[in-house]
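All ligand and atom numbering here is 1-based and tracks the order in the structure. Since the structure is predicted, the reported quantities are computational estimates derived from the model, not experimental observations.
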Amino acid sequence: MTAVIIDKEICTGCGICIDVCPYTAIQLADNKAEFMLEDCFACGHCQAACPVDAVVVSGLASNMAFSTFTEMERVVQPGTGEVAEIVALMRSRRSCRRYLTSPVPLALLEDLVKIGTTAPSGTNSQPWNFTILPEREDVLVLGGLTAAYYRKLNRQARNGVLRLLVKLFGGDSLGKYYRRYYDSVEESLREWEREGTDSLFHGAVAAILVTAQQDASCPAEDALLATQNILLAAHMMGLGSCLIGFVVEAMRRTPDMRRKMEIGDGEEIYSVIALGYPDVIYHRVSNRKSVVPRILKFGTEDTEKTDWAVE
Ligand SMILES: Cc1cc2nc3c(=O)[nH]c(=O)nc-3n(C[C@H](O)[C@H](O)[C@H](O)COP(=O)(O)O)c2cc1C
């Protein structure tokens, strides 16, 4: 339960907390703001927007208590930051596939998780959960389980009769996998077994698994937004990172893997982030495919006719 506590002595009745509340939880009574509900989704907008600091939302952590850096705890007001800086950061983050063997301090990984939780989430439900694999040996356990999954999948995929049966009764997923991935996975498994070459985690020495409660309104979006925060912050901390979709796929289909990673019944896995200090330096950013956005302008239409109201 969330309580919004408003100090009536300090409140000036300006009403900004009412305007920013997405929950219609605050009203003016006798020219003072008053929290009208038993509960809300604790987004903290009222507290953040109050110009005289009269609002406290109970149950919110007072600060994130990062341990590897000192937080500025200031609001970057719209239009005051350097957009070029953030674009440079976004373009400089690359998927790392070559790591040093030096370990990543656990405190850094824990701070990355906290940074992940600054992401937006549907109805502020924050349905995410994070699992840290802090050392190379831990990453290798997940790697071994993933290899076992793909070994089994490749055994099934090389069976032409099974591919045909699956196609007849359940679509061509096994056939597609066979055509697209079978050979490269087979090669990776051989290298993993014979030479210990890790073409799955690329030698990463740590990992963060991002899961979310399935019954949330948008668990996938929430988990992936937290993931992107982690990727960008990891870069700023000097870490290389890489999403490992192959492991996500294996975990989704293997309850035993999820159990071993202590992921609860109501949770789904959305990302596996490999981490470590990079053993590669990029000297320039690279480009993306160009996109041409659809631009829709309805301004000249009669707005009466396109009103939301259904007659
Ligand atoms: C959902 C997702 C899954 C991915 N899975 C893998 C993976 O299993 N192995 C890998 O080496 N890279 C993986 N990547 C990284 C992409 O290959 C990479 O993001 C893309 O090539 C663009 O390169 P960049 O991240 O360096 O900008 C994945 C990326 C995403 C978004």
| Does atom 1 (C) of ligand 1 have a protein non-hydrogen atom under 4.0 Å from it? |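 No.
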
query = Looking at atom 20 (C) of ligand 1, is any protein heavy atom nearer than 4.0 Å to it?
reply =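 No.
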
message = Using side-chain heavy atoms (C-beta onward) and a distance below 4.5 Å, is L133 in contact with V141?
response =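 Of all side-chain heavy-atom pairs linking V141 with L133, none is under 4.5 Å.
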
C242 contact mode with ligand 1 (heavy-atom cut-off under 4.0 Å) |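 C242 to ligand 1: side-chain contact only, backbone stays beyond 4.0 Å.
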
Practice task
Under 4.0 Å, heavy atoms only, figure out whether ligand 1 is touched by the backbone of R288, its side chain, both or neither.
Solution key: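 Side chain only; the backbone of R288 stays clear of ligand 1.
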
Closest approach of any protein heavy atom to [atom], naming residue and atom:
atom                    : result
atom 7 (C) of ligand 1  : L243 O, 3.4 Å
atom 23 (O) of ligand 1 : R94 NH2, 3.8 Å
atom 12 (N) of ligand 1 : R97 NH2, 3.1 Å

Is the backbone of [Y] close enough, under 3.5 Å, to the side chain of [X] for a donor and an acceptor to pair up by distance?
X    : Y   : answer
D111 : S67 : yes
N31  : G13 : no
T80  : V76 : no

Sub-4.0 Å atoms of ligand 1 with respect to non-hydrogen atoms of [X]:
X    : answer
H202 : 10 (C), 11 (O)
R93  : 24 (P), 25 (O), 27 (O)
F246 : 8 (O)

Requested in this report: Identify whether NZ of Lys or CZ of Arg in R253 sits under 6.0 Å from the centre of the six-membered ring of Y149 and within 45° of that ring's axis.
Outcome: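 R253 over Y149 ring: no.
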
Please determine which of E262, R258, E268, E267 meets the side-chain hydrogen bond (donor to acceptor under 3.5 Å, both in side chains) test together with T211.
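Exactly one option meets the side-chain hydrogen bond (donor to acceptor under 3.5 Å, both in side chains) with T211, and it is E267.
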
Would you tell me which option among S92, S95, G245 has the nearest heavy-atom contact to atom 15 (C) of ligand 1?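 Comparing heavy atoms across S92, S95, G245, the nearest one to atom 15 (C) of ligand 1 lies in S95.
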
Answer yes or no: is there an ion pair linking E249 with R252, defined by an N-O contact shorter than 4.0 Å?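 Salt bridge flag = no for R252 with E249.
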
Near Q156 CD, under 6.0 Å, is it more than 12 heavy atoms from other residues, nucleotides or ligands?
->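 Check passes, neighbour count above 12.
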
